[in-house]
Amino acid sequence: MRMKSIKRFINGHLDIVHLQYCNLCNHQSDSETIHQIRVSIRHLNATRCILYKTDISEKNKEILKNYQKISKHLFETLSHPRDLEVQIRLAQSIQTNLDHRQPDITLYIDKLRNEERTLTGHLINTINQQPIVPAITALKQSLKSYKFKREYLVEEIHRQYKKTRKQLKASLNRLNTHPESFHKTRVKLKKYRYILELEAHLFNKKNTRLKTLKAAQNKLGNTNDLFIAAKLMTQHSVNSEVIEYTKLKYQTSLSNTIHFLFTRKNQYL
């Protein structure tokens with residue numbers, strides 16, 4: 001493993017955040033822009049523990065903390081319109097599947113669209129006030145003085161691997177008796193997956209577990225979308241038949257997802 005690998009990994013994802021942020025601010029974004037920013041921020045979060053374990057000065061530590069604070073705020077800001085977009089597509093799909101053209105579900109979709117327009121309308125002004133570009137510039141500059149010792153890197157990555165794996169296993173054990181805790185499992189699985197992806201990149205090796213982890217993450221994400229949809233529809237007093245249909249789809253998805261997680265456990269743990 002070359003010590004330059006981790007710097008390339010971090011700089012690469014910082015460049016993606018920077019580029020897509022600028023595209024968003026300049027109204028040159030597409031449907032993947034927000035997604036790419038959020039994914040790169042997650043990848044960078046996986047390197048945080050490693051950066052703190054290096055020979056890091058107090059100044060660089062403050063630069064890193066500042067970047068983390070600003071990127072977290074940016075991530076949260078971008079999550080709301082993305083989540084609404086998902087719920088609109090899901091509601092449209094449910095309406096089509098039910099062949100339900102009742103006014104209340106159409107009204108529900110219109111309400112979500114209006115909320116999305118409002119958020120999107122304020123989005124550029126909101127993110128323009130977040131100093132992510134200078135935070136990225138400062139972090140990239142500070143990385144030049146970081147000293148990555150191979151033995152520390154290997155030890156820390158292995159420690160994080162064992163930690164996230166243990167947390168995921170504990171979450172799966174709870175999921176077996178408390179299926180409603182699936183979202184916590186989803187969070188633990190993401191952290192485990194990003195550590196494995198970081199390891200695969202730094203050691204330049206393929207990890208066969210990643211394919212199954214991605215499939216599991218997608219299933220957990222779809223289940224979560226249905227869970228949120230049922231709650232939103234209830235809050236908006238959508239037709240009861242639509243709500244019950246959505247709840248049934250959620251329960252089916254949850255059951256299938258849990259079955260997938262336990263029958264494929266040896267493929268990702």
Side-chain angles (χ1 to χ4, degrees), residues 35 38-39 41-43 45-46 48-49 68 72 75-76 78-80 82-91 93-94 97-98 105 108 112 157-199 207-269:
H35 175 67
R38 293 169 78 234
V39 168
I41 288 175
R42 284 199 187 105
H43 276 294
N45 285 342
R48 178 180 56 192
C49 55
Q68 289 171 342
K72 181 181 178 181
F75 185 93
E76 291 170 350
L78 296 177
S79 295
H80 301 310
R82 175 82 177 178
D83 292 345
L84 274 173
E85 180 187 333
V86 169
Q87 288 302 317
I88 290 168
R89 289 201 305 265
L90 183 54
S93 174
I94 289 171
N97 291 339
L98 279 175
I105 190 168
Y108 167 70
L112 293 183
I157 289 172
H158 187 60
R159 192 181 77 82
Q160 289 299 320
Y161 161 74
K162 290 197 297 184
K163 177 183 175 182
T164 54
R165 184 174 184 267
K166 182 180 179 180
Q167 289 175 341
L168 177 57
K169 288 178 74 174
S171 183
L172 285 168
N173 289 337
R174 177 170 174 77
L175 184 67
N176 200 24
T177 53
H178 297 80
E180 70 280 359
S181 68
F182 75 91
H183 182 63
K184 291 182 179 179
T185 301
R186 182 183 175 217
V187 172
K188 301 299 182 187
L189 187 142
K190 281 182 180 180
K191 290 182 178 180
Y192 175 63
R193 176 191 167 191
Y194 285 125
I195 286 294
L196 286 184
E197 288 186 345
L198 176 61
E199 180 190 51
N207 193 318
T208 55
R209 288 172 288 183
L210 289 171
K211 185 177 179 180
T212 307
L213 279 170
K214 185 174 182 180
Q217 187 175 323
N218 287 339
K219 287 180 178 294
L220 283 163
N222 292 336
T223 301
N224 189 58
D225 293 340
L226 286 163
F227 174 74
I228 292 172
K231 286 181 64 175
L232 280 174
M233 288 177 178
T234 302
Q235 291 170 9
H236 286 274
S237 301
V238 173
N239 178 273
S240 59
E241 184 182 343
V242 179
I243 294 174
E244 289 306 311
Y245 174 80
T246 305
K247 286 181 177 179
L248 179 61
K249 282 183 69 69
Y250 157 67
Q251 290 295 340
T252 302
S253 178
L254 179 59
S255 177
N256 291 339
T257 297
I258 291 175
H259 177 75
F260 180 91
L261 288 169
F262 283 98
T263 57
R264 306 290 181 91
K265 191 189 288 189
N266 65 331
Q267 295 181 25
Y268 62 87
L269 278 178

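- Residues L261 and L189 form a side-chain contact, since some pair of their non-hydrogen atoms from C-beta on lies under 4.5 Å apart.
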Would you sort out whether Y245 and N97 count as a side chain to side chain contact (heavy atoms under 4.5 Å, CB included), showing the intermediate values?
CA-CA 10 Å; Y245 174 80; N97 291 339; 3.4 Å; yes
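- Taken to the nearest 0.5 Å, the CG atom of N222 stands 9.5 Å off from the NZ atom of K249.
- In this structure the side chain of T223 never reaches within 4.5 angstrom of the side chain of R186, judged on heavy atoms.
- Contact check for L172 versus N176: no side-chain heavy atoms found under the 4.5 Å cut-off.
- Summarising the geometry of L226 relative to S253, their closest heavy-atom pair is CD1-CB, 3.8 Å, with the distance given to 0.1 Å.
- Side chains of L168 and T164 form no contact here, defined as non-hydrogen atoms less than 4.5 Å apart.
- Side-chain contact between I243 and N239 is absent, with no heavy atoms from C-beta onward closer than 4.5 Å.
- In this structure, the side chain of S181 engages the main chain of H178 through a donor-acceptor pair within 3.5 Å.
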Using the side chain to side chain contact (heavy atoms under 4.5 Å, CB included) rule, take H43 and L198 through it: C-alpha gap first, then chi angles, then the decisive distance, then the call.
CA-CA 8 Å; H43 276 294; L198 176 61; over 6 Å; no
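- Under the 3.5 Å distance criterion, the side-chain polar atoms of S255 are left unmatched by any main-chain donor or acceptor of Q251.
- Within a 6.0 Å radius of NZ in K265, other residues, nucleotides and ligands contribute more than 12 heavy atoms.
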What do the steps show when you test D83 against I228 for side chain to side chain contact (heavy atoms under 4.5 Å, CB included), and what is the final call?
CA-CA 10 Å; D83 292 345; I228 292 172; over 6 Å; no
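- In this structure, Y268 and L210 have side chains that are not in contact, with every pair of non-hydrogen atoms separated by 4.5 Å or more.
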Report the C-alpha separation of Y192 and Q167 in whole Å, then their side-chain angles, then the decisive distance to 0.1 Å, and conclude whether the side chain to side chain contact (heavy atoms under 4.5 Å, CB included) test is met.
CA-CA 9 Å; Y192 175 63; Q167 289 175 341; over 6 Å; no
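- R38 is not listed as a side-chain neighbour of I41, based on a closest heavy-atom distance of 4.5 Å or more.
- Taking CD of E244 as the reference point, atom CD of E241 lies at 9.5 Å (rounded to 0.5 Å).
- For the atom pair OG1 (T246) and CE (M233), the distance works out to 3.5 Å, reported to the nearest 0.5 Å.
- With rounding to the nearest 0.5 angstrom, the CD atom of Q68 is 7.0 Å from the CG atom of N45.
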Listed pairs under 3.5 Å, donor-acceptor, residues 211-220 side chains, sequence neighbours left out:
| residue | atom | partner | partner atom | Å |
| --- | --- | --- | --- | --- |
| T212 | OG1 | Q267 | OE1 | 3.4 |
| Q217 | OE1 | R193 | NH1 | 2.9 |
| N218 | ND2 | K214 | O | 3.4 |

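- Y250 and F182 have tilted rings, their planes meeting at an angle from 30° to 60° on a 0 to 90° scale.
- A cation-pi arrangement is absent between R42 and Y194, since the terminal nitrogen or guanidinium carbon is not both under 6.0 Å from the aromatic centre and inside a 45° cone about the axis.
- Annotation: the span from L84 atom CG to L112 atom CG amounts to 6.0 Å, rounded to 0.5 Å.
- Two residues are said to be in side-chain contact when any heavy atoms from C-beta on lie closer than 4.5 Å; N207 and E199 meet this criterion.
- Between S171 and K188, the closest heavy-atom pair is CB-CG, 4.0 Å.
- Side-chain atoms of S93 never come within 3.5 Å of backbone atoms of R89 as a donor-acceptor pair (strictly under, hydrogens ignored).
- When all heavy atoms of A229 and L90 are compared, the pair lying nearest together is CB-CD2, 3.7 Å.
- Atom-to-atom distance recorded for I157:CD1 and Y161:OH is 13.0 Å, nearest 0.5 angstrom.
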